[in-house]
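Down below is the structure, laid out as structure tokens.
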Amino acid sequence: MLKEKEKLYTPSEWSKRYKPEEVMEQFMKFCTEVTEEVRESIKCELDVPYGTTERTIYDIYGTDLPKDAPILVFIHGGYWQEFSKDLTGFSVPLFVKNKIKVITVEYDLCPNVRVSDIIVQVKSACEQILKYAADNGCKSVLISGHSAGAHLAASLLHDVEWMKRMEQQGYLALLKGIVLIAGLYDIRPIVDVSHSAVLNFTDEEVKRISWFLCDEPKERIHGLKVIVTIGDCDSPAFIDDSCRYIQKIISMVNNVEFHLLRDIDHFDIVEKLLDPDYVLAKSMLHCLQSGTNTR
């Protein structure tokens, strides 16, 4: 039996749908089948490089849509040490059907790199995607991340220099929102759990990438919506982390939305992005399509 802290930071332990080993098996099966089907049915460009390593690549779905179509970016999770963009097809069909391109981002995994290195890679990918959007006349980009991917997406909010550079290059106005799905934003509690053994955290790194510890920007961020969401069948530690993090975000961003989703766990929170009636999917679509955010 897992120790209490290990259990708290193992999301598969909390699903009410399946036993822990079954929920992971079902999720992997679902992800594989959906992505295979998506790649057969939706026009796409795979493995577009944004960096110099084998995994610094992304996929673009909906390449037959108008050049200026809105763009959803999806960053996968996996405790910074597993999973792949090749298993994220669930983020694609509903949005492409609504004439939105979807770009799924890959990155190097620990222990081959540090989490800090992954953050740099994700920022580079997002910058390249924003440039791609600007070059094609796109007016709306939404960046989303699940689990560890939510932590990576949140890194953008805490990098004043990155934000400033995007603004100077004329890209920031295209970024309409950041969606943080079932994320973990305080790294300190997981340093001594078994999942973190390959992450090789240093004390300095933990302080630098625990977003709760970051200084708030001198000026609130305007014209950018942040959506934080978590399922009530996720780990209590993850739920608490999201509830605490939303309080920090409220002080930083002028447009914030929070969803505690009923009867949803760490895995079907993204599986349900296939459903047009799913509250999170509707919120993401609205953010991309409304065009109401102005700077």
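With sequence neighbours excluded, no residue satisfies ring-ring contact (aromatic ring centres under 6.0 Å, His included) with W162. Contacts of K207 classified as side-chain contact (heavy atoms from CB on, under 4.5 Å), with partners at least two apart in sequence or in another chain: L213. For the side-chain contact (heavy atoms from CB on, under 4.5 Å) test, no residue two or more places apart in sequence or in another chain qualifies with N112. In terms of the ring-ring contact (aromatic ring centres under 6.0 Å, His included) criterion, Y18 has no residue partners (sequence neighbours excluded). D64 meets the salt bridge (Lys or Arg N to Asp or Glu O under 4.0 Å) test with no other residue; sequence neighbours excluded. Residues meeting the salt bridge (Lys or Arg N to Asp or Glu O under 4.0 Å) test with D135, sequence neighbours left out: K131. For D159, the salt bridge (Lys or Arg N to Asp or Glu O under 4.0 Å) criterion is met by K123, not counting sequence neighbours.
Of the possible donor and acceptor atoms, none in the side chain of H146 sits under 3.5 Å from a partner among the backbone N and O of I269. A donor-acceptor pair under 3.5 Å is formed between the side chain of Y50 and the backbone N or O of E106. Under a 3.5 Å cut-off, the side chain of D232 and the backbone N or O of D263 do form a donor-acceptor pair. Of the possible polar contacts, one joining the W211 side chain to the H151 backbone as a donor-acceptor pair under 3.5 Å is found. For S140 (side chain) and L288 (main-chain N/O), a donor-acceptor pair under 3.5 Å exists by modelled atom type. The main-chain N or O of R17 is found under 3.5 Å from a side-chain atom of S15 such that the two form a donor-acceptor pair. At distances below 3.5 Å, not a single donor-acceptor pair connects side-chain atoms of S235 with backbone N or O atoms of P11.
Listed by first and then second residue, the salt bridge (charged side-chain N to carboxylate O under 4.0 Å, His left out) pairs that reach into residues 242-253 are D186-R244, D240-R244, D241-R244, sequence neighbours excluded. Each ring pair (Phe, Tyr, Trp, His ring centres under 6.0 Å) pair with one or both residues in residues 116-144, not counting sequence neighbours, would appear here, but there are none. Residue pairs meeting the salt bridge (charged side-chain N to carboxylate O under 4.0 Å, His left out) criterion with at least one member in residues 84-93, sequence neighbours excluded, are R39-D86, D47-K85, D59-K85.
The number of heavy atoms from other shown groups lying within 6.0 Å of CD (E37) does not exceed 12. The number of heavy-atom neighbours closer than 6.0 Å to CD of E25, taken from other residues, nucleotides and ligands shown, is 12 or below. No more than 12 heavy-atom neighbours from other residues, nucleotides or ligands sit within 6.0 angstrom of CD on E54.
You'll find the side chain of L280 stays beyond 4.5 Å of the side chain of K272, heavy atoms only. Counting heavy atoms from C-beta outward, N200 and P111 have side chains that approach closer than 4.5 Å. At a threshold of 4.5 Å between non-hydrogen side-chain atoms, the residues V122 and C126 count as touching. At least one side-chain heavy atom of R262 sits less than 4.5 Å from a side-chain heavy atom of L260. Here the side chains of T56 and D108 are in contact, with some heavy-atom distance below 4.5 Å. I60 has its side chain out of reach of I71: every pair of non-hydrogen atoms, C-beta onward, lies at least 4.5 Å apart. By the 4.5 Å heavy-atom criterion applied to side chains, L174 and C138 are not counted as neighbours. Using a 4.5 Å heavy-atom cutoff, the side chains of Y278 and L273 are in contact.
For S147 and H266, the side-chain atoms include at least one donor-acceptor pair closer than 3.5 Å. A donor-acceptor pair shorter than 3.5 Å can be found between the side chains of E216 and S251.
Note: K16 NZ to D268 CG = 12.0 Å, rounded to the nearest 0.5 Å. The structure places CG of L65 at 12.0 Å from CG of N136, a figure rounded to the nearest 0.5 Å. Expressed to the nearest 0.5 Å, how far OG1 of T202 lies from CG of L199 amounts to 11.5 Å. Note: L72 CG to M284 CE = 4.5 Å, rounded to the nearest 0.5 Å. Rounding to the nearest 0.5 Å places CD of E205 at 8.0 Å from CG of D117. Note that the CG atom of L130 and the CG atom of L172 stand 8.0 Å from one another [nearest 0.5 Å].
A tilted orientation is assigned to the rings of H158 and Y245, their planes being inclined by 30° to 60°.
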Quiz: residues 190-197 side-chain donor-acceptor pairs under 3.5 angstrom, not counting sequence neighbours:
| residue | atom | partner | partner atom | Å |
| --- | --- | --- | --- | --- |
| D192 | OD1 | K5 | NZ | 2.8 |
| S194 | OG | E6 | OE1 | 2.6 |
| H195 | NE2 | Y9 | O | 3.2 |
| H195 | NE2 | T10 | OG1 | 2.7 |
| S196 | OG | I190 | O | 2.6 |

When the side chains of residues 91-98 are checked against the rest of the protein, which donor-acceptor pairs come out under 3.5 Å, sequence neighbours left out?
| residue | atom | partner | partner atom | Å |
| --- | --- | --- | --- | --- |
| S91 | OG | T88 | O | 2.9 |
| N98 | ND2 | L94 | O | 2.8 |

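Shortest non-hydrogen contact noted between V253 and R220 is O-NH2, 2.9 Å. A pairwise comparison of heavy atoms in S210 and I187 identifies OG-N, 3.0 Å as the closest pair. Scanning all heavy atoms of the two residues, the minimum distance from Y107 to G77 falls at OH-O, 3.8 Å. The two residues G89 and T35 have their closest heavy-atom pair at N-OG1, 2.8 Å. Contact detail for I178 and L180: the closest heavy-atom pair is CG2-CD2, 3.6 Å. When all heavy atoms of W80 and I118 are compared, the closest pair comes out as O-CD1, 3.8 Å.
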Verdict with supporting geometry, I230 and F258, side chain to side chain contact (heavy atoms under 4.5 Å, CB included)
CA-CA 8 Å; I230 188 80; F258 178 68; 4.1 Å; yes
Check step by step if side chain to side chain contact (heavy atoms under 4.5 Å, CB included) holds for V73 and Y58.
CA-CA 10 Å; V73 180; Y58 54 71; over 6 Å; no
For the pair S12 and F27, evaluate side chain to side chain contact (heavy atoms under 4.5 Å, CB included) and give the outcome as yes or no after the intermediate values.
CA-CA 10 Å; S12 58; F27 185 59; over 6 Å; no
The test is side chain to side chain contact (heavy atoms under 4.5 Å, CB included); show your working for M24 and F267 and say whether it passes.
CA-CA 8 Å; M24 288 305 303; F267 304 96; 3.4 Å; yes
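Under the 4.5 Å side-chain heavy-atom criterion for Ile, Leu, Val, Met, Phe, Trp and Tyr, V120 and Y171 are members of distinct hydrophobic clusters.
S116 pairs in a side chain to side chain donor-acceptor pair (under 3.5 Å) with only one of the listed residues (R208, Q121, E204), which is R208.
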